[in-house]
Novice: 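Provided herewith is a single structure, encoded as structure tokens, for subsequent inquiry.
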Amino acid sequence: MRYDASEEQQQLGASTRRFIEHTVPLSTVRLWGDKNPAGFDRDWWRRAADLGWTALLVPECMGGATASGDGLADLALVAEECGRLVSPGPLLPSSVAAWTLAQADGTLPVLGLLGQLVAGDAVWAWAVGERASSFLRAPPSLRATPDGDDLVLDGAARVVESGADADCLLIAVAVDHGVAHLVVPADVVGLRRVRTTGLDLVRRYADLTCSGVVVPATQVIIGVEAGGSVLRRQTQIANIVQCAEMVGAAEHVFALTLDYAAERWSFGRPLSSYQVLKHRLADMKLWLEASHAAVEGAVDAFQEGGDVAAERASAAKLYVGQKMVDLVQDCVQIHGGIGVTWEHDLHLYLRRVTTDRQLIGTPADHALQLAALSGL
């Protein structure tokens with residue numbers, strides 16, 4: 001939680017934590033990961049939406065609400081609590097979709113879609129196209145070709161969160177030497193959705209392939225004039241959510257490891273009494289505090305926009321993506337043999353932070369982004 005969290009934000013954090021602990025403890029996470037094809041329960045997601053998770057990036061005039069007046073700061077707080085118990089649910093794609101719909105013209109169809117999203121009645125996926133080349137510098141992998149009053153979509157988007165379970169898709173497409181964003185129903189003819197295996201137990205991904213998919217041009221909600229800047233802002237939001245989630249997960253693992261090191265004895269003394277482990281735990285605490293600061297800096301800079309926001313978001317993903325994975329890996333090593341068993345919970349957290357690290361731009365991608373923004 002932010003060092004300067006307001007009373008309203010503290011209440012939001014407390015209510016979010018209670019809800020997650022009572023409805024999706026780690027036993028439920030394991031169960032849904034094994035038994036639920038979507039990785040989450042839709043009724044549970046509607047209850048999460050009732051708490052305001054899906055409305056934080058939406059203006060009040062469009063049905064949104066925030067706890068503090070800064071929706072992104074509140075969303076980062078919710079994401080941190082979700083990381084704490086590796087919670088399920090499409091928080092990231094729903095947040096990106098809600099923010100994007102709120103940027104579009106407030107037509108009745110858009111407001112209707114936004115209302116369903118905010119209520120948790122519709123699950124959204126954000127198809128932007130992960131691929132082997134640098135995520136941040138390559139154009140969208142899906143392309144739209146004008147055909148009269150329609151657009152014809154071709155190409156593929158990989159690793160789309162909730163892509164096989166979504167009711168609606170928010171798709172970024174390359175068109176006319178620019179980027180546009182459009183809404184596509186998941187059952188559109190010509191769209192192939194293939195569920196893929198993932199490292200995280202309750203995160204589900206899919207590869208989407210469009211082959212001559214025809215959609216009306218009226219389904220474009222953000223045109224090429226603003227499409228590129230909107231895509232950059234979308235990735236900033238997504239990376240902030242990921243970083244906050246990684247910090248929450250790593251902080252919980254660190255607390256578990258401190259307790260374990262104090263209770264576990266070796267050669268007649270607790271593990272925590274060994275100087276080398278004290279130094280390592282001190283390093284981890286430093287990484288955690290710096291990661292908190294990196295996320296807060298990215299949240300605050302988002303309001304400024306421009307290169308400042310891009311720099312802070314990339315700096316956060318570069319640092320947090322590296323250090324939080326290292327921290328959880330070190331905690332596994334400190335636990336010893338028990339830390340690498342299926343029965344222990346540590347692997348759930350390692351799966352989550354590793355997945356977040358790799359998607360929406362790896363730390364290496366963001367290092368290149370920072371270099372480019374610095375003129376290197």
Side-chain angles (χ1 to χ4, degrees), residues 1-20 45-84 87 89-106 110-111 113-120 124 126 222 226 229-230 232-248 251 291-313 315-317 320:
M1 185 175 292
R2 294 179 64 98
Y3 76 95
D4 59 349
S6 65
E7 182 178 349
E8 291 80 9
Q9 287 176 321
Q10 293 176 29
Q11 292 173 353
L12 174 63
S15 62
T16 300
R17 179 172 297 192
R18 287 194 301 269
F19 173 74
I20 292 173
W45 181 243
R46 291 187 186 94
R47 294 173 64 188
D50 288 341
L51 290 180
W53 292 11
T54 53
L56 294 172
L57 300 185
V58 180
E60 288 187 16
C61 62
M62 302 179 78
T66 67
S68 66
D70 186 344
L72 187 57
D74 295 343
L75 177 61
L77 190 154
V78 170
E80 187 176 325
E81 291 298 332
C82 288
R84 181 175 171 271
S87 302
L91 180 65
L92 188 153
S94 295
S95 299
V96 172
W99 178 84
T100 306
L101 288 170
Q103 307 307 304
D105 294 335
V110 168
L111 291 176
L113 292 170
L114 188 55
Q116 292 177 347
L117 189 160
V118 168
W124 282 68
W126 174 44
I222 304 288
S229 61
V230 165
R232 288 189 289 273
R233 301 288 272 173
Q234 287 175 333
T235 59
Q236 291 163 22
I237 292 170
N239 279 294
I240 287 170
V241 170
Q242 288 178 324
C243 288
E245 189 174 66
M246 283 189 280
V247 170
E251 191 161 47
S291 294
H292 272 294
V295 174
E296 291 175 16
V299 168
D300 294 341
F302 183 81
Q303 302 298 335
E304 300 181 33
D307 287 350
V308 173
E311 288 171 356
R312 295 286 181 85
K317 186 64 178 289
V320 176

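The shown structure was predicted, so the numbers you read here are calculated from the model rather than taken from an experiment.
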Novice: In Å and rounded to the nearest 0.5 Å, what is the CZ to CZ distance from R17 to R84?
Specialist: 3.5 Å
Novice: Do side-chain atoms of Q103 reach the backbone of W99 as a donor and acceptor pair under 3.5 angstrom?
Specialist: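 Yes, the answer is positive, given that a donor and an acceptor are paired below the 3.5 Å cut-off.
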Novice: Could you tell me if the side chain of E304 sits less than 4.5 Å from the side chain of R312, heavy atoms only?
Specialist: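 No; the side chains remain at least 4.5 Å from each other.
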Novice: Take K317 and M246 through the side chain to side chain contact (heavy atoms under 4.5 Å, CB included) test and state the conclusion after the steps.
Specialist: CA-CA 10 Å; K317 186 64 178 289; M246 283 189 280; 4.2 Å; yes
Novice: Distance from E81 atom CD to R18 atom CZ, nearest 0.5 Å?
Specialist: 10.5 Å
Novice: I'd like to know whether CZ of R47 has more than 12 heavy-atom contacts from other residues, nucleotides or ligands below 6.0 angstrom.
Specialist: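 Counting neighbours around CZ of R47, 12 or fewer heavy atoms of other residues, nucleotides or ligands fall under 6.0 Å, so no.
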Novice: How long is the straight-line distance from CD1 of I237 back to OG of S95, given to the nearest 0.5 Å?
Specialist: 8.0 Å
Novice: Between the side chain of S94 and the main-chain N/O of L91, is any donor-acceptor distance below 3.5 Å?
Specialist: no
Novice: State, with a plain yes or no, whether a side-chain heavy atom of T66 is found less than 4.5 Å away from one of D70.
Specialist: no
Novice: Can you tell me how far apart CD (Q11) and CD (E7) are? Round to the nearest 0.5 Å.
Specialist: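 Rounded to the nearest 0.5 Å, the CD-CD separation comes to 5.0 Å.
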Novice: Identify the heavy atoms of D74 and G69 that sit nearest to each other, and give their distance.
Specialist: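 Closest approach of D74 to G69: OD2-N, 4.3 Å.
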Novice: With a 4.5 Å limit on heavy-atom distance, are the side chains of L92 and W126 in contact?
Specialist: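 Touching, per the 4.5 Å side-chain cut-off.
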Novice: Might you point out which heavy atoms bring A298 and I240 nearest each other, and give the distance in Å?
Specialist: O-CD1, 3.7 Å
Novice: Please determine, by modelled atom types, if S68 and Q9 share a side-chain donor-acceptor pair under 3.5 angstrom.
Specialist: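 Yes, Q9 and S68 have a side-chain donor paired with an acceptor closer than 3.5 Å.
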Novice: Kindly determine whether D105 and V110 satisfy side chain to side chain contact (heavy atoms under 4.5 Å, CB included), including the steps that lead there.
Specialist: CA-CA 8 Å; D105 294 335; V110 168; over 6 Å; no
Novice: What is the minimum heavy-atom distance between E8 and A67, and which atoms define it?
Specialist: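 In this case the closest contact between E8 and A67 is CB-O, 3.1 Å.
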Novice: If you compare all heavy atoms of W124 against all heavy atoms of P90, which two are closest, and at what distance to 0.1 Å?
Specialist: O-CB, 4.5 Å
Novice: Can you name the closest pair of heavy atoms from L77 and G13 and give their distance?
Specialist: CD2-CA, 3.1 Å
Novice: For F302, does the six-membered ring have the charged nitrogen or CZ of R233 within the cation-pi criterion, i.e. under 6.0 angstrom from the centroid and within 45° of the normal?
Specialist: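 Here R233 passes the 6.0 Å and 45° test against F302.
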Novice: As an exercise, state the distance from CG of L75 to CH2 of W53, rounded to the nearest 0.5 Å.
Specialist: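 Between L75 CG and W53 CH2, I get 10.5 Å after rounding to 0.5 Å.
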Novice: SG of C243 to CD of E296: how many Å apart, nearest 0.5 Å?
Specialist: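 Reported value, rounded in 0.5 Å steps: 12.5 Å.
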Novice: Ignoring hydrogens, what is the shortest heavy-atom contact between S87 and I20? Give both atom names and the distance.
Specialist: OG-CG2, 3.1 Å
